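This report refers to the structure that appears directly beneath it.
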Amino acid sequence: MFPQDPPSGAPQALAHLAASPLLAHLNSEQLAAVTLPAGHALILAGAGSGKTRVLTTRIAWLLQNGYATPGGVLAVTFTNKAAKEMVTRLSAMLPLNVRGMWIGTFHGLCNRLLRAHHRAAGLPQAFQILDTQDQLSAVKRLCKQYAVDDERFPPKQLAYFISGCKEEGLRPGSVPAHDSDARKKTEIYQLYEEQCQREGVVDFGELMLRSHELLRDNAAIRTHYQQRFAHILVDEFQDTSKLQYAWLKQFAGDTVDGRLQARGSVIAVGDDDQSIYAFRGARVGNMTDFVREFDVRQQIKLEQNYRSHSNILDSANALISHNSQRLGKNLRTVQGPGEPVRVYEAETDTQEARWMVEEIGQLVQHNGFERMEIAVLYRSNAQSRVIESALFNAGMPYRVYGGLRFFERAEIKHALAYLRLLENPHDDTSFLRVLNFPPRGIGARSVELLQDTARTAGCSLHDGVGAVAGKAGANLAAFVAMVRALRAQTQGLSLREIVEQMLESTGLVEHFRSEKEGADRIENLQELVNAAESFVMQEGLGRDAVALPTQSPASQGLDPDSPAPDEPPARMPDGDTGETLSPLAAFLSHAALEAGDNQARTGQDAVQLMTVHASKGLEFDGVFIGGMEEGLFPHENSANARDALEEERRLMYVAITRARKRLYLSRAHTRLLHGKTRYNAPSRFFDELPEGALKWITSRPRGWGIPDSGALNGYSSSAKDPFGFQSKTPSSPPAVLQEAAPAQGLRAGMAVFHNRFGEGRVLSVEGRGDDARTQVHFPRHGTKWLVLSIAKLTVVDC
DNA sequence: CCCGTCCGGTTTTTT
DNA sequence: ACCGGACGGG
């Protein structure tokens with residue numbers, strides 16, 4: 001998974017620095033980055049350039065040479081996986097304990113900060129964290145309560161709006177309310193905030209925003225951390241949002257008269273060419289802002305790639321050079337050209353998948369590839385189905401990434417809701433989730449009654465139960481009593497025992513035992529017990545301390561971090577020395593912040609299937625990228641705006657650079673999508689790859705020939721189109737116009753003329769007869785859908 | 001309360 | 001085509 005050591009050591013001039021074993025095997029760029037003097041720096045780290053290694057070695061080097069103390073290091077990553085990786089590698093490099101360091105995800109560190117300063121942040125110490133699902137259900141509940149028109153304001157959209165506002169750093173009071181719609185949404189945002197505050201819960205956005213405000217508004221706390229963290233390191237900086245960047249600045253120093261007076265050194269590591277998360281708030285512009293606002297003097301590019309052969313790298317470089325907005329970077333390798341990038345054009349998506357499976361079989365059988373080292377990447381999840389079924393039919397083991405993660409499964413969320421109620425009975429979201437699960441005769445009527453009562457009294461549902469009379473009241477009271485009894489029973493038990501007792505008392509396991517599909521769920525619940533057993537205490541994140549042995553009474557709380565000896569004398573709690581959380585509360589935070597594995601677990605050597613997004617940061621010997629078609633990749637929703645198109649191109653860049661030895665690109669003429677057959681033109685990205693690095697292997701003889709597979713399934717399109725496209729270079733459209741596939745002889749790639757829009761290029765054609773429609777891109781008017789029976793189109797050029 | 005049926009959405013995703 | 005959520009009858 002990690003690039004091999006560079007073949008030669010550092011250049012002579014720097015050789016003395018490399019004397020330390022820590023620095024051995026670094027190339028000169030890496031060495032320069034690791035040994036940067038104090039000050040802010042931007043490291044542009046290309047794909048496969050040893051970025052993580054540089055980051056961790058930098059920290060180790062700072063510590064080893066006494067330039068930093070563990071307590072003075074703050075390292076932020078984006079995912080738990082990356083944080084864990086950093087901790088693991090760091091502890092392999094240094095005997096030192098990593099306990100004093102703050103290494104974790106943005107949200108994990110926010111959690112740590114807010115727990116330590118919950119009072120100043122205005123939160124209960126045991127605040128619960130809402131994940132996206134929880135947030136949505138909280139919004140739905142709110143909408144119901146205030147009778148919000150869910151046609152006009154769908155809860156989903158409201159949740160999105162609220163998250164967006166927080167991401168921008170906006171509280172309801174400062175949201176610009178242009179129209180009545182915006183005002184109404186903001187009003188709901190306000191109510192949502194009040195609800196969360198009342199219930200003692202925070203969503204992901206709130207974790208970030210609240211801790212940003214905590215630092216911004218509390219000089220003592222801010223100064224404390226600014227003095228403490230002399231070294232701040234940020235991974236995947238290109239993925240940071242506006243708020244995350246603002247958050248970092250609070251740690252770095254105060255802004256006086258518009259100028260940032262940073263105390264510590266901030267090192268941002270990132271790759272603008274791999275910025276693929278703009279759609280969820282990432283702002284590549286943070287990189288240039290960082291250089292300007294921090295007055296960055298040191299910029300280092302890591303361009304030496306240790307991963308791929310040069311045909312692959314050349315392809316990546318050529319492709320990305322078509323982007324206009326770049327900081328500029330060119331990957332190089334000392335490995336030879338290697339195999340050409342193979343391009344395959346299939347008739348149908350099914351055939352494309354079948355070809356992939358065949359090819360994978362070859363790689364495994366004849367080229368000694370491990371299945372695990374082969375990945376099939378696609379732009380969208382919908383594409384996985386055909387590939388899966390082809391693999392399945394061939395009996396080839398595979399593993400699909402994505403889907404529900406462990407802590408997101410319904411039965412697990414139910415169990416967690418009970419555990420949360422033990423910590424905080426006023427968490428209405430959790431209360432409602434399990435109030436009648438397993439069923440205990442509390443129907444919608446009773447719930448409404450209770451909600452009304454609680455609303456009138458201005459209290460939580462839990463506290464409102466006493467005021468509900470009658471049969472409904474009795475059932476409700478029984479539920480509350482059950483939870484209360486459970487709370488009493490679990491006093492002093494270990495985390496594992498608490499979970500077991502909960503599963504027992506609430507009847508969850510019992511309930512699933514009687515369900516026909518309950519076996520899996522029971523297994524998952526058992527897995528939750530195991531997770532509790534092996535839960536490693538983590539304040540902040542990425543701190544994998546010791547697994548809890550059968551621990552001393554829970555009431556003792558966590559063994560607090562022994563403050564690092566070199567800790568600056570601090571009177572305030574700072575996440576290391578502050579009040580500690582109960583193991584249960586810590587476990588619940590862990591569950592919310594780290595949803596766990598989402599990959600079907602198999603010990604087996606299996607082919608890996610995933611979206612291109614999910615492949616970021618991974619590498620494989622062989623990589624297949626399917627569906628290289630206009631509309632799919634680049635995706636049709638992105639093809640028209642330049643920024644969006646450039647992000648698609650970066651996405652393709654990420655996909656290409658995953659491959660070490662073999663890269664395959666493929667496309668299909670015909671694809672079944674949303675139940676309709678689509679005819680897609682080849683992806684424009686083919687035009688942007690260097691012809692010399694490619695090899696077109698479509699197993700159809702050039703020019704004439706019997707299609708080897710086109711007629712296999714009797715697809716109507718292949719019957720009418722016996723020759724398919726000719727196998728040829730991608731940059732020019734097919735030389736010979738074949739007979740119409742779908743309608744009026746129109747095919748993707750053709751140039752057409754429209755009386756009003758002028759000349760344009762056909763992107764796709766779908767449907768037949770009177771329903772036939774075509775998507776045409778007109779240079780001056782953008783992309784239009786035209787119904788063939790209505791629009792007058794003339795074919796200009798094939 | 002459970003189960004069937006209809007309807008809508010369907011790029012990418014972490015925390 | 002297909003999945004998940006919402007709704008209504010048994």
Side-chain angles (χ1 to χ4, degrees), chain A residues 76-83 104-111 129-137 140 144 150-151 154-157 160 163 166-167 202-209 211 236 239-241 243-244 275-282 349 377-386 389 401-405 407-408 410 436-446 511 514-516 541-542 589-596 598 610-617 627 631-639 644 647-648 650-652 654-655 671-678:
Chain A
V76 200
T77 65
F78 240 80
T79 63
N80 290 299
K81 201 173 149 199
T105 62
F106 279 101
H107 294 86
L109 296 178
C110 286
N111 178 45
I129 299 166
L130 302 185
D131 66 14
T132 318
Q133 286 176 36
D134 299 332
Q135 188 196 26
L136 182 61
S137 62
K140 278 183 182 163
K144 208 165 254 171
D150 57 1
E151 298 277 284
K156 242 197 185 136
Q157 200 195 304
Y160 178 80
S163 302
K166 292 190 180 185
E167 199 52 66
V202 298
D203 59 37
F204 288 132
E206 188 70 25
L207 279 173
M208 283 299 320
L209 182 52
S211 47
E236 304 279 17
D239 285 339
T240 52
S241 69
L243 179 58
Q244 284 159 339
S275 158
I276 55 173
Y277 286 112
F279 71 91
R280 66 171 197 216
D349 50 352
L377 310 183
Y378 33 80
R379 176 64 179 82
S380 68
N381 285 307
Q383 288 167 254
S384 77
R385 185 171 293 289
V386 247
S389 78
Y401 282 68
L404 265 201
R405 331 243 300 286
F407 285 113
E408 291 166 356
N436 197 35
F437 192 93
R440 43 178 78 88
I442 303 174
R445 263 270 38 111
S446 309
H511 170 78
S514 60
E515 211 175 59
K516 51 184 182 299
L541 262 195
S589 301
H590 165 81
L593 288 170
E594 187 168 4
N598 61 2
M610 67 192 83
T611 63
V612 179
H613 281 94
S615 76
K616 191 169 160 218
L632 255 189
F633 203 0
H635 195 271
E636 53 197 347
N637 299 357
S638 305
E647 179 147 318
E648 292 287 308
R650 290 192 291 268
L651 198 50
M652 182 66 194
V654 167
R671 182 174 298 275
L672 215 54
L673 195 65
H674 305 321
K676 276 187 191 133
T677 304
R678 308 213 337 181

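To find a chain, count down the sequence lines: A is the first, B the second, and so on, and within it residues start at 1. What you see is a predicted model, and the numbers here were worked out from it, not measured in a lab.
In this structure, the side chain to side chain donor-acceptor pair (under 3.5 Å) partners of A:Glu167, at least two apart in sequence or on a different chain, are A:Ser241. Under the side chain to side chain donor-acceptor pair (under 3.5 Å) criterion, A:Gln135 pairs with A:Ser163, A:Asp203, sequence neighbours left out. For the side chain to side chain donor-acceptor pair (under 3.5 Å) test, residues two or more places apart in sequence or in another chain that qualify with A:Arg650 are A:Glu647. For A:Phe279, the ring pair (Phe, Tyr, Trp, His ring centres under 6.0 Å) criterion is met by A:Tyr277, A:His613, not counting sequence neighbours. Partners of A:Ala595 by side-chain contact (heavy atoms from CB on, under 4.5 Å), not counting sequence neighbours, listed by chain and number: A:Arg405, A:Glu408. By the side chain to side chain donor-acceptor pair (under 3.5 Å) test, A:Thr611 pairs with no residue at all, sequence neighbours left out. Listed by chain and number, the residues in a ring pair (Phe, Tyr, Trp, His ring centres under 6.0 Å) with A:Phe106 are A:Phe78, A:Trp247 (sequence neighbours excluded).
A straight line from CD of A:Glu236 to P of B:dT13 spans 15 Å, rounded to a whole angstrom. What separates CG of A:Leu130 from C1' of B:dT14 is a distance of 16 Å, to the nearest Å. Atoms CZ (A:Phe407) and P (B:dT15) sit 13 Å apart, rounded to a whole Å. Atom CD of A:Gln133 and atom C1' of B:dT14 are 14 Å apart (whole Å). The distance between atom CD of A:Glu594 and atom P of B:dT15, rounded to the nearest whole Å, is 7 Å. Rounded to whole Å, atom P of B:dT15 lies 9 Å from atom NE2 of A:His107. For the pair A:Gln135 CD and B:dT14 P, the computed distance is 16 Å after rounding to whole Å. Following rounding to the nearest Å, A:Asp131 (CG) and B:dT14 (P) show an atom-to-atom distance of 13 Å.
Phosphate contact (OP1/OP2 of B:dT13, side-chain N/O of A:Arg405, threshold under 4.0 Å): absent. Contact annotation: A:Asn80 does not reach the phosphate of B:dT14 (side-chain N/O to OP1 or OP2, under 4.0 Å).
Residues A:Val76 and A:Leu109 form a side-chain contact, since some pair of their non-hydrogen atoms from C-beta on lies under 4.5 Å apart. A:Val202 places none of its side-chain heavy atoms less than 4.5 Å from the side chain of A:Leu130.
Only the P atoms considered, C:dG4 is 16 Å distant from B:dT13, to the nearest whole Å.
Among the heavy atoms of the strands, none lies under 4.0 Å from A:Gly205. Within the nucleic acid shown, A:Lys140 comes within 4.0 Å of sugar-phosphate atoms alone, with no base atom in reach, counting heavy atoms only. Residue A:Asn436 is in sugar-phosphate contact alone, with no base atom involved, counting any heavy-atom pair closer than 4.0 Å across all strands shown.
With A:Asp150 contributing its side chain and A:Pro154 its backbone, the two residues share no donor-acceptor pair below 3.5 Å.
The 5' end of DNA chain B is approached more closely, in terms of each residue's nearest nucleotide, by A:His511 than by the other of A:Ala592 and A:His511.
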Please enumerate all protein N or O atoms sitting under 3.5 Å from an N or O of nucleotides 5-12 of chain B, with distances to 0.1 Å.
residue, atom, partner, partner atom, Å
B:dT11, O4', A:His635, NE2, 3.2
B:dT11, O2, A:Arg379, NH1, 3.1
B:dT11, O2, A:Arg379, NH2, 2.1
B:dT12, OP1, A:Asn381, N, 2.8
B:dT12, OP1, A:Asn381, ND2, 2.8
B:dT12, O4', A:Arg379, NH1, 3.1
B:dT12, O2, A:Arg379, NH2, 3.1

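On a pure distance criterion of 3.5 Å, no polar donor-acceptor pair joins the side chain of A:Thr132 and the base of B:dT13.
From the 5' end on, the contacts that DNA chain C makes with chain A at under 4.0 Å to a non-hydrogen atom open and close at C:dA1 to C:dA6.
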